[in-house]
Amino acid sequence: MLEITRIRASKEAIAEGLQKRGVDYSEQLDETIRLDEAWRAVKGKREKIKAESNKLSKSIGQFFKEGKTDEAEAAKERTKTLKAEEQELKEHEQELEEQLQNALYEIPNVPQDIVPAGTSEEENEVVEEHGARREYTFDPQPHWELAKAGATIDFELGVKVTGAGFPFYKGKGAKLQRGLINFFLDEANKRGYEEFIPPLVVNEDSGIGTGQLPDKEGQMYHVTEDDLYLIPTSEVPLTNIYRDTIIEKKDFSEKMTSYTPCFRREAGSYGKDVRGLNRLHQFDKVELVRVEHPDRSEKALEEMVDHVKGLLEKLGLEYRVLRLCGGDLGFTAAITYDFEVFSAAQEKWLEVSSVSLFETFQANRLKLRFRDEDKKTRLCHTLNGSALALPRIVAALMENHQNEDGTISIPEALQTYVGFDLI
RNA sequence: GGAGAAAUGGCAGAGCGGUUGAUUGCACCGGUCUUGAAAACCGGCAUACCGAGAGGUAUCGGGGGUUCGAAUCCCUCUUUCUCCGCCA
């Protein structure tokens, strides 16, 4: 959520920045300004009346103490009219406040200057490419064929027990998952991220805090009985640790990591790119979350990008880094770098990580602040990134490291983690 | 799941209808004293919003109500503790 003070101060610049998302928000911005002004006017009026009646109430107490019953009764009468007036204004005020809040919820974050304009993924900017395309002397198999042949992942069994998008990993397939998780967590630990095991279900406040609610309600599994949501990413519980907090530390830099399963309904995305591990309802992910001083958030973003690059290199995968264009940028992000690995058999790029800086957009909703040098509270910057999401990494590892006989070589960095070098 | 008790500022802990945003202690910050430190003493010390400012408004777990007036009374929800039951 953008700060209303910021919209007030630089509406034009914000409207211009938002153009990069391919949608014109000027009308909505005007609407927030209008609502904000109306709201403040009504609020001011109401508070004045309230102040007067507060004063009267105090005097009533005084009158009673002094035994001036007549004066007290007279004052009582006067407060009655004030109260009625105040009540009316209060209703109007609350209405305006709610409208303003809703209007603000609908405006996405402003893309940073270097974010390219664009409306589709075609316009994402490839900023880096690493690793060589492997030449095959045989027809590389897609990972779902390899999984079947090697009995490492069982999709049909998942359908039987739960439904599509909930595979079973078996034997070496399961061990590979576990190995990757440990590898990713260790790498995060090395870079100073504290490890967490968070709850996998969160309440409504947390969903609102990180921006999943109220808009993207359909994306999460909702446990209606208890009004809780299955997390679509551990960004939600990790970032919400800092909801309603003021960081008092001077040179803070909060770095957290956690492995969790992630649950996504993926409503409306059936049919395309859903084969095998490409799009699941439940998948594993190691996530990085950071809370930073605004002056240090750019550097933090660079560090995270660097971290993810290191992981992909250690896994021996060909990858590229994209700077998402405005239209492809998430609602809450100011800038996002996507990492894609090349899938040999599918002949396409698979997104395996997304690293984003939210600036104050999440912090504003979270009420996550720090104490500035002049003792004032200011909003922090938040960041997060996957390091990494497992299924597509597994798909890429299987496809890119497959051998002609259907076996799969495990990259060296991973061998000590999984306990074997060939599947 | 049943029965009781409780929820107040960073912490501890008063207040139980009327100048209470809230006594007090600890912690913390500044000062005096001291060669320095400790002790002692003095002062400061919640957050948000509105306002150029003076100041105003709101907040004593959340929401609602009674009242001219609520931290204080009532309803409701949540959480914590104790006891019982059930269970990994």
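In what follows, every chain begins at residue 1, and chains take the letters A, B, ... in the order their sequences are listed. For clarity, every value in this text was computed on a predicted model and none was experimentally measured. Keep in mind that the numbers below use all heavy atoms, side chains included, and drop hydrogens, waters and symmetry copies.
Base-pair partner of B:rC41: B:rG31 (Watson-Crick or G-U wobble, both distances under 3.5 Å). For B:rA52, there is no paired base (Watson-Crick or G-U wobble, both distances below 3.5 Å). In this entry B:rA14 has no Watson-Crick or G-U wobble partner, no candidate having both defining distances under 3.5 Å. Across all strands shown, B:rA22 has no partner, as no Watson-Crick or G-U wobble contact with both distances under 3.5 Å is found. Using N1 to N3 plus N6-O4 or O6-N4 for Watson-Crick, or N1-O2 and O6-N3 for G-U wobble, each under 3.5 Å, B:rA6 pairs with B:rU79. When both pairing distances are held under 3.5 Å, B:rC86 makes no Watson-Crick or G-U pair with any nucleotide shown. Pair assignment for B:rA58: B:rU47, on the basis of Watson-Crick or G-U wobble contacts that are both within less than 3.5 Å. Partner assigned to B:rG36 is none, using Watson-Crick or G-U wobble distances below 3.5 angstrom.
Side-chain polar atoms of A:Gln219 and A:Gln212 form no donor-acceptor pair below 3.5 angstrom.
A cation-pi arrangement is absent between A:Arg371 and A:Phe252 under the rule of less than 6.0 angstrom and at most 45 degrees off the ring axis. Annotation: cation-pi geometry not satisfied between A:Lys175 and A:Phe420 (NZ/CZ under 6.0 angstrom from ring centroid, within 45° of ring axis).
Using a 4.0 Å heavy-atom criterion, one finds that A:Arg8 contacts the sugar-phosphate atoms exclusively. Residue-level contact check: A:Ala75 touches neither bases nor backbone, having no heavy atom under 4.0 Å from any strand. Contact annotation for A:Ser57: base contact, defined as any heavy-atom pair under 4.0 Å involving a base atom. Nucleic acid contact for A:Ile60: base, since at least one base atom lies under 4.0 Å from a heavy atom of the residue. Among the atoms of the strands shown, only primed sugar atoms or phosphate atoms (P, OP1, OP2) are found under 4.0 Å from some heavy atom of A:Arg46.
Set against B:rU67, B:rU57, B:rU19, the side chain of A:Lys83 has B:rU67 as its closest nucleotide. Closest to the A:Lys43 side chain, of the nucleotides B:rU57, B:rC49, B:rC68, is B:rC49. Nearest to the side chain of A:Asn54, among B:rC49, B:rG51, B:rA58, sits B:rA58.
Atom pair A:Lys76:NZ and B:rC68:P shows a separation of 6 Å (rounding to whole Å applied). Between the C1' atom of B:rC49 and the CD atom of A:Glu97 lies a distance of 9 Å, rounded to the nearest Å. In this structure, the CD atom of A:Glu47 is 16 Å from the P atom of B:rG55, given to the nearest Å. Atoms CD (A:Glu204) and P (B:rC77) sit 18 Å apart, rounded to a whole Å. The interatomic distance linking A:Leu96 (CG) with B:rC50 (P) rounds to 15 Å, in whole Å. One can place NZ of A:Lys50 at 7 Å from P of B:rG69, the figure rounded to the nearest angstrom. One atom, CG of A:Leu366, and another, C1' of B:rA48, lie 16 Å apart when rounded to the nearest Å. Spacing between atom NZ of A:Lys367 and atom P of B:rG62 amounts to 13 Å, rounded to whole angstrom units.
The same atom, C1', is picked in B:rG69 and in B:rG13; the two are 27 Å apart, to the nearest Å. Here the separation of B:rC86 from B:rC28, taken at their P atoms, is 49 Å to the nearest Å. Here, B:rU8 and B:rC16 have their C1' atoms 12 Å apart, quoted to the whole Å. Comparing the same atom, C1', in B:rU47 and in B:rG9 gives a spacing of 10 Å after rounding to whole Å. The same atom, P, is picked in B:rG1 and in B:rC49; the two are 39 Å apart, to the nearest Å. Here the separation of B:rU24 from B:rG31, taken at their C1' atoms, is 23 Å to the nearest Å. Across the P atoms, B:rG4 and B:rC75 are found 14 Å apart, a figure rounded to whole Å. Only the P atoms considered, B:rG21 is 13 Å distant from B:rU72, to the nearest whole Å.
Ring geometry for A:Tyr221 against A:His281 counts as perpendicular: the plane angle is over 60°, on a 0 to 90° scale with 30° as the lower cut. The aromatic rings of A:Tyr229 and A:His222 sit parallel, their planes meeting at an angle under 30°, below the 60° perpendicular limit. Note on ring orientation: taking the six-membered ring where Trp is involved, the planes of A:Tyr193 and A:His307 are tilted (angle from 30° to 60°).
Map A:Thr5 and A:Lys80 each onto its nearest nucleotide of RNA chain B; the residue landing nearer the 5' end is A:Thr5. In this structure, A:Thr377 and A:Gln87 both approach RNA chain B, and ranking their closest nucleotides by distance from the 5' end singles out A:Thr377.
For B:rA48, the OP1/OP2 oxygens have no side-chain nitrogen or oxygen of A:Arg378 closer than 4.0 Å.
No donor-acceptor pair closer than 3.5 Å links the side chain of A:His381 to the backbone N or O of A:His293. Judged by distance alone, with hydrogens and angles left aside, the side-chain atoms of A:Asn124 form a donor-acceptor pair with the main-chain N or O of A:Cys325 at under 3.5 Å.
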